[in-house]
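One structure is given below, encoded as structure tokens.
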Amino acid sequence: MSMHGVQNEEKIELNKEEQKAIRARSMRLLGSIIRPVRNRLWVSLALVIGAQSLRVSLPALIAVIIDKSLPQAVNGDFTSLWTVVGTYVAAAILSSALIATFVRFAARINQDIMLGLRRRIFAHTQKLSVEFHETYTSGRVISRQTNDLDSIMELLNSGGNEMIAGLLYMVFTAIALIWLDLTSFGIVLVSFIPLWFLTRWFQKQTRLNYRKTRVASAKLIVHFVETMTGIRAVKAFRKEKANQDKYAELVEDYRYVNGKVIQLFGIFDPGLILIGRITASVVLLIGGIRVLEGNLTVGVLLSCVVYVSSFYDPMEQLAMFYNSFQSANSGLEKISGVLEENPSVAEPADPTKLDAPKGHIEFDDVQFSYSNGKEVLPKFSLDIPAGQTIALVGTTGAGKSTLAKLISRFYDPIEGQVRLDGVDLRRLTDEDLRRAVVMVTQEAYLFSGSVADNIALGKPGASMAEIESAARAVGAHEFISALPDGYDTDVNKRGGRVSAGQRQLISFARAFIADPAVLILDEATASLDIPSERLVQHGLKTLLADRTAVIIAHRLSTVSIADRVLVMEHGRVIEDDAPATLIAGTGKFAKMHKAWRESLV
């Protein structure tokens, strides 16, 4: 089973090959985000090495004080005592200063890493093709940007610092034990046998359960986002109770898997403490016997007990780190999957420049099917001369919107070519294509900001006069002027402050100010009432002049302004002629037009 990209990302049980592939992918991502700050990481490592080496020296100095300095002080020589005590205080102060410097320095590095990763995910998600976003829900994208990134940030901000400091402290403590008393070090080595089994068990269980938490969390966010974005439909169909029951079920699943993780940690942490206390007791017992036998000094025994007791303190920190690491690792797996996805519609490596597009569209033996494998266009050919307005009509599923998406290059054909002014769209840069082709869809999306800001998206830097001129052309100026702040009115989230028809008119103005060579209206008048549609019809006659236009509409009133009508059925053009000619005939369009006229009576 393929684990490339986001395929099968909700799978919990992975075989060895799948685990290896995901781990390699995660490590590549980790390496790529660390690489820009690697020089500063070396500085950070030097700081913590210095701090931990000074910290580990303190118990050894206690042994010197007890076994050497105090006996000399009893005999009246305080030189060694003052020297060692002064060294102890200086080492403690310097160690604390280095740790403080390390924490601040590491925090800046961590924030730089997160800044780069957030920007990278956002940029990459925007770059991915429409096909990806039609299958990978916005809730999952939000989960990657929130929960998964937060788990990595938590690891970097706390766990990473504790892990580095703890590991170094354990290594230096082991070296100090070897130097002071090899027997005590041997006892510590023996304690690693039960410690290894405990850690291995904890590692396996948490890896599985943290993967479950990421899946449960993503499902929770997806359901929440879908409910909130579709709140009007929820209210209209009284789905509050059903959504609440579903959300309660998802929350319970999330609570359960998180509870399992906490239970695992509740076994692992006390287990570490128990092993550490038993080991310290054994060192004290055996060391005490050796002191009585005269084979070990009291100072060395005290230092060894302090070392062994403190040796396991970082183990608790490492357990906390591992807790954060498993959570972050699961997040890293999901994020690396998204970043591994490539745009199905990629920019050309060696593009053809399109300086002054005229708008000549050609479909040459185009064959296309969506990811479900169902063929939509079988060997489709079509020529749309520059400056011509065509209308596409037909039943749902005939392939009208697919043509629009291919012209906009939201998708690429499986076979054949879609050309603009003789150039295959796959040879054009996104910048050239978006400047030449603009689509207005039925769902008029407005971004947070003013009305003027939304219109100016079609032409960044447009003057207020240009914005007003575009609005007047599509019949939007009158209602915009009547808004509380006119063109400066904030449209609110997704344009919630204006009606559906008004949103569509604003989106028309946005498209028209862009002045594209090709304008596509994909059922763009469906949201308009009759008066608004008449205004737009008037504006379209002027603004579609001297440009190529593709109009997809169920309302046949929109078709009247077209130079040519194409009736589609099952991915083929079954009628192609001027509107008046088709209406006068006996074909499918004539029947559709007659039924539409009768519906108006």
Side-chain angles (χ1 to χ4, degrees), residues 128-138 344-345 359 361-384 388-420 425-426 433-434 436-445 500 503-504 507-508 510-511 516 518-528 533 536 540 544 547-559 561-562 564-576 588-589 592 596:
L128 290 173
S129 307
V130 172
E131 182 180 12
F132 173 85
H133 291 285
E134 288 182 343
T135 56
Y136 199 77
T137 63
S138 58
S344 57
V345 178
I361 301 292
E362 298 171 274
F363 284 77
D364 186 6
D365 286 335
V366 169
Q367 185 177 349
F368 179 77
S369 61
Y370 290 102
S371 56
N372 59 12
K374 183 179 179 181
E375 190 175 56
V376 180
L377 297 179
K379 293 293 182 181
F380 183 88
S381 294
L382 177 67
D383 187 279
I384 307 174
Q388 187 176 77
T389 297
I390 70 164
L392 299 176
V393 299
T395 57
T396 301
K400 307 184 298 297
S401 293
T402 298
L403 286 186
K405 292 175 182 177
L406 289 171
I407 296 173
S408 301
R409 208 190 168 213
F410 290 166
Y411 293 88
D412 280 335
I414 296 173
E415 292 183 13
Q417 293 183 352
V418 181
R419 294 190 289 267
L420 173 61
L425 297 186
R426 288 171 289 206
L433 182 61
R434 301 303 166 221
V437 180
V438 169
M439 176 190 280
V440 179
T441 63
Q442 181 177 353
E443 183 189 2
Y445 194 98
R503 287 200 300 273
Q504 195 63 277
S507 70
F508 278 178
R510 179 167 62 197
V518 179
L519 181 64
I520 302 171
L521 305 180
D522 188 358
E523 300 187 28
T525 60
S527 300
L528 301 179
E533 185 180 13
V536 171
L540 286 176
L544 294 185
R547 83 172 81 243
T548 306
V550 178
I551 302 173
I552 303 170
H554 287 304
R555 288 187 181 182
L556 297 188
S557 57
T558 312
V559 174
I561 63 174
R564 174 181 167 198
V565 176
L566 276 64
V567 182
M568 296 191 66
E569 191 172 277
H570 304 304
R572 291 181 171 86
V573 176
I574 60 173
E575 295 180 23
D576 181 0
K588 185 169 183 176
F589 184 75
M592 292 170 63
W596 171 71

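The analysis underlying the following values was restricted to heavy atoms, covering all of them including side chains, and did not include hydrogens, waters or symmetry mates. These numbers were taken from a predicted model, which means no experiment stands behind them.
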Arg572 side chain to Leu377 backbone, donor-acceptor under 3.5 Å:
no
Would you compute the distance between atom NZ of Lys588 and atom CD1 of Ile574 and round it to the nearest 0.5 angstrom?
5.0 Å
Whether Lys400 side chain and Gly394 backbone form a donor-acceptor pair below 3.5 Å:
yes
Side-chain (Ser344) to main-chain (Ser129) donor-acceptor, under 3.5 angstrom
no
Would you name the heavy atoms of Leu433 and Ile407 that are closest together and state the gap between them?
CD1-O, 4.2 Å
The criterion is salt bridge (charged side-chain N to carboxylate O under 4.0 Å, His left out); which residues satisfy it with Glu575, sequence neighbours excluded?
none
Please report the shortest heavy-atom distance between Val393 and Val559, naming the atom on each side.
CG1-CG2, 3.8 Å
Any idea which heavy atoms bring Phe410 and Val345 closest together, and the distance?
O-CG2, 3.4 Å
Sequence neighbours excluded, the answer for side-chain contact (heavy atoms from CB on, under 4.5 Å) partners of Val438 is Ala511, Ala514, Pro516, Leu519
Using the side chain to side chain contact (heavy atoms under 4.5 Å, CB included) rule, take Arg409 and Val437 through it: C-alpha gap first, then chi angles, then the decisive distance, then the call.
CA-CA 9 Å; Arg409 208 190 168 213; Val437 180; over 6 Å; no
Measure the CD-CG distance between Gln417 and Leu406 for me, rounded to the nearest 0.5 Å.
13.0 Å
With Phe380, which residues qualify under ring pair (Phe, Tyr, Trp, His ring centres under 6.0 Å), at least two apart?
Phe363
Tell me every residue that passes side-chain hydrogen bond (donor to acceptor under 3.5 Å, both in side chains) with Lys405, counting only those two or more places apart in sequence or in another chain.
none
How far apart are the closest heavy atoms of Leu420 and Gly359, and which atoms are they?
CD1-CA, 3.8 Å
Quick check: closest heavy atoms across Val440 and Ser507, and the distance to 0.1 Å?
CG1-OG, 3.7 Å
Partners passing side-chain hydrogen bond (donor to acceptor under 3.5 Å, both in side chains) against Gln388 (at least two apart in sequence or in another chain):
Arg564
Give the intermediate values and the outcome of side chain to side chain contact (heavy atoms under 4.5 Å, CB included) for residues Leu382 and Leu566.
CA-CA 10 Å; Leu382 177 67; Leu566 276 64; 3.3 Å; yes
Step-by-step side chain to side chain contact (heavy atoms under 4.5 Å, CB included) determination, Thr548 to Ile384
CA-CA 8 Å; Thr548 306; Ile384 307 174; 3.8 Å; yes
Where Pro378 and Gly571 come nearest, the two heavy atoms and their spacing
CD-O, 3.7 Å
What verdict does the side chain to side chain contact (heavy atoms under 4.5 Å, CB included) test give for Met439 and Ile552, after you've listed the backbone C-alpha separation in whole Å, the side-chain angles of each residue and the deciding distance to 0.1 Å?
CA-CA 11 Å; Met439 176 190 280; Ile552 303 170; over 6 Å; no
Nearest-0.5 Å distance, CG of residue Leu425 to CD1 of residue Ile361
6.5 Å
Could you tell me if Thr402 and Tyr411 have a donor-acceptor pair between their side chains, going purely by distance under 3.5 Å?
no
As an exercise, state the distance from CD of Glu415 to CG of Asp364, rounded to the nearest 0.5 Å.
11.5 Å
Going by side-chain hydrogen bond (donor to acceptor under 3.5 Å, both in side chains), name the residues that satisfy it together with Ser369, two or more places apart in sequence or in a different chain.
none
